[in-house]
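Encoded as structure tokens, the structure appears first; notes follow it.
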Amino acid sequence: MKKLLFFLFFPLIGFSQISDLTLTMNGFEPIVVEVKDKSEKELYDSAYKWILRNYNTPEIVIKAKIENEMIRIEGFQEKTHGYSQMGVDMSYNTKYSLTLSFKDGRYRFDFQILNVDLDNNNIRGNGYYPRDLYKKSGERRKHRIYNDMHLSLETTVNNLSKLLYDFIINGAEDDW
């Protein structure tokens, strides 16, 4: 009986989750997020409100918008990812482009890295691109530093994606 209940409710569990974005040699693969019972307009309006609430200067970060179809922003986040070596934490800042496209019942989340810079105790260095975490063959580099950077960057971007999704599903939390 327990197995039967598990298999009956398992599909519901799957629909309440969103896919994680995956970092590849060419950047992040976009994802399409299913949001049942939401129109293009509702999804667009929710995403627009999320941008207004979560970015300090939304009028500057919004680079393009087509009402009810698409919004593109350029954002900047400090300490998006990094690694620790010999007791020193190295962190990176990321300038990015996020394009959100809307259709009835779904939206596309397309995150592109524009620039990454080292930021460690006000020492700034040259950046890198996701392809630098990979060998020419496309295989991910095995060193712990590359793995830490890869994992922490994916985690940061997926957290951003989940924040948007939660806002679209639940709206703003105005419990003050």
Side-chain angles (χ1 to χ4, degrees), residues 9-82 91-117 119 127-134 138 140 149-176:
F9 290 108
F10 182 75
L12 296 176
I13 294 168
F15 288 117
S16 66
Q17 302 292 324
I18 62 172
S19 299
D20 283 340
L21 285 99
T22 304
L23 181 59
T24 69
M25 185 173 180
N26 298 316
F28 282 94
E29 295 293 324
I31 60 169
V32 175
V33 180
E34 299 285 332
V35 185
K36 298 212 183 280
D37 303 325
K38 296 259 186 189
S39 68
E40 280 179 352
K41 180 173 178 20
E42 290 172 313
L43 292 169
Y44 175 89
D45 289 346
S46 292
Y48 189 74
K49 286 177 189 173
W50 177 78
I51 292 166
L52 293 177
R53 287 179 173 265
N54 289 288
Y55 287 86
N56 291 335
T57 53
E59 66 280 355
I60 294 173
V61 300
I62 296 173
K63 298 299 181 187
K65 63 180 179 176
I66 302 171
E67 194 164 335
N68 301 330
E69 286 183 36
M70 180 273 294
I71 303 171
R72 185 177 64 245
I73 64 171
E74 281 186 13
F76 176 83
Q77 186 169 342
E78 293 180 334
K79 300 181 184 341
T80 52
H81 62 293
S91 62
Y92 290 86
N93 302 328
T94 303
K95 182 177 180 183
Y96 61 88
S97 172
L98 173 60
T99 303
L100 303 168
S101 305
F102 308 96
K103 301 261 186 204
D104 284 339
R106 60 194 164 130
Y107 66 91
R108 181 180 166 140
F109 187 100
D110 189 358
F111 185 94
Q112 299 297 317
I113 295 172
L114 301 177
N115 190 33
V116 177
D117 287 319
D119 183 3
Y128 76 94
Y129 293 93
R131 68 179 170 268
D132 297 333
L133 300 175
Y134 293 83
R140 219 167 84 199
M149 290 172 60
H150 190 277
L151 179 62
S152 59
L153 182 56
E154 273 190 346
T155 299
T156 299
V157 173
N158 282 306
N159 286 342
L160 182 67
S161 172
K162 287 175 176 80
L163 286 172
L164 172 62
Y165 177 78
D166 289 342
F167 189 89
I168 288 173
I169 297 300
N170 302 318
E173 301 248 349
D174 285 337
D175 187 21
W176 45 276

*Please check if the side chain of Lys38 supplies one atom and the backbone of Ser46 the other of a donor-acceptor pair under 3.5 Å.*
no
_Strictly distance-based, threshold 3.5 Å: is any side-chain N or O of Asp104 a donor or acceptor partner for the main-chain N or O of Ser39?_
no
*With Phe109, which of Leu21, Val32, Thr99 fulfils side-chain contact (heavy atoms from CB on, under 4.5 Å)?*
Leu21
_Atom of Glu34, atom of Tyr165 and distance for their closest heavy-atom approach_ = O-CE1, 4.3 Å
_Assess the residue pair Leu164 and Leu100 against the criterion (side chain to side chain contact (heavy atoms under 4.5 Å, CB included)); give the C-alpha distance rounded to whole Å, side-chain angles, the decisive distance to 0.1 Å, and a yes or no._
CA-CA 10 Å; Leu164 172 62; Leu100 303 168; 3.6 Å; yes
*Side-chain heavy-atom pair Leu153, Ile113 within 4.5 angstrom cut-off*: yes
_Min side-chain heavy-atom separation Trp50-Ile168 under 4.5 Å_ = no
*Check whether more than 12 heavy atoms from other residues, nucleotides or ligands sit under 6.0 Å from atom NZ of Lys63, and answer yes or no.*
yes
_Nearest-0.5 Å distance that lies between atom CZ in Arg108 and atom CE in Met70_ = 12.0 Å
_Least distance between heavy atoms, Gln112 atom then Phe28 atom_ = NE2-O, 3.7 Å
*Kindly say whether Tyr92 contributes a backbone atom to a donor-acceptor pair with the side chain of Thr80 at under 3.5 angstrom?*
yes
_Spatial distance of atom CG (Asp117) from atom CG (Asn93) [nearest 0.5 Å]_ = 7.0 Å
*Drop me the distance from Ile51's CD1 to Ile71's CD1, to the nearest 0.5 angstrom.*
4.0 Å
*Under 4.5 Å between any side-chain heavy atoms of Leu23 and Leu133, yes or no?*
yes
*Spacing of CD belonging to Gln77 relative to NZ belonging to Lys95, to within rounding of 0.5 Å*: 15.0 Å
*Heavy-atom count around Tyr134 OH within 6.0 Å, excluding the residue itself: above 12?*
yes
*asked:* Taking the side chain as everything from C-beta on, heavy atoms only, tell me whether Glu29 gets closer than 4.5 Å to Thr24.
replied: yes
*Which heavy atom in Gly138 sits nearest to a heavy atom in Met25, and how many Å separate them?*
CA-SD, 3.7 Å
*Aromatic plane relationship, Tyr107 with Phe102 - under 30° parallel, 30 to 60° tilted, over 60° perpendicular*: tilted
*At their closest point, which heavy atom of Pro30 faces which heavy atom of Asp110, and how far apart are they?*
CG-OD1, 3.8 Å
*Roughly how far, to the nearest 0.5 Å, is CG of Leu151 from OG1 of Thr156?*
9.5 Å
*Can any side-chain N or O of Ser91 pair as donor or acceptor with the backbone N or O of Gly82 at less than 3.5 Å?*
no
*Taking all non-hydrogen atoms of both residues into account, name the closest pair between Tyr44 and Lys65 and its distance.*
OH-CD, 3.6 Å
*For Asn56, does the CG atom sit with more than 12 other heavy atoms under 6.0 Å from it, leaving out its own atoms?*
no
*Side-chain contact test, heavy atoms from C-beta onward, threshold under 4.5 Å: evaluate it for Asp20 versus Lys162 and give yes or no.*
yes
*Run the salt bridge (charged side-chain N to carboxylate O under 4.0 Å, His left out) check on Lys41 and Asp45 step by step: do they pass?*
CA-CA 6 Å; Lys41 180 173 178 20; Asp45 289 346; 2.9 Å; yes
*Between Val35 and Glu42, is a side chain to side chain contact (heavy atoms under 4.5 Å, CB included) present by the stated rule, with each step listed?*
CA-CA 10 Å; Val35 185; Glu42 290 172 313; over 6 Å; no
_Interatomic distance, Leu43 atom CG to Arg106 atom CZ [nearest 0.5 angstrom]_ = 10.5 Å
*For Asn158 and Ser19, which heavy atoms make the closest approach, and how far apart are they?*
OD1-O, 4.5 Å
*Are any non-hydrogen side-chain atoms of Tyr55 and Phe76 less than 4.5 angstrom apart?*
no
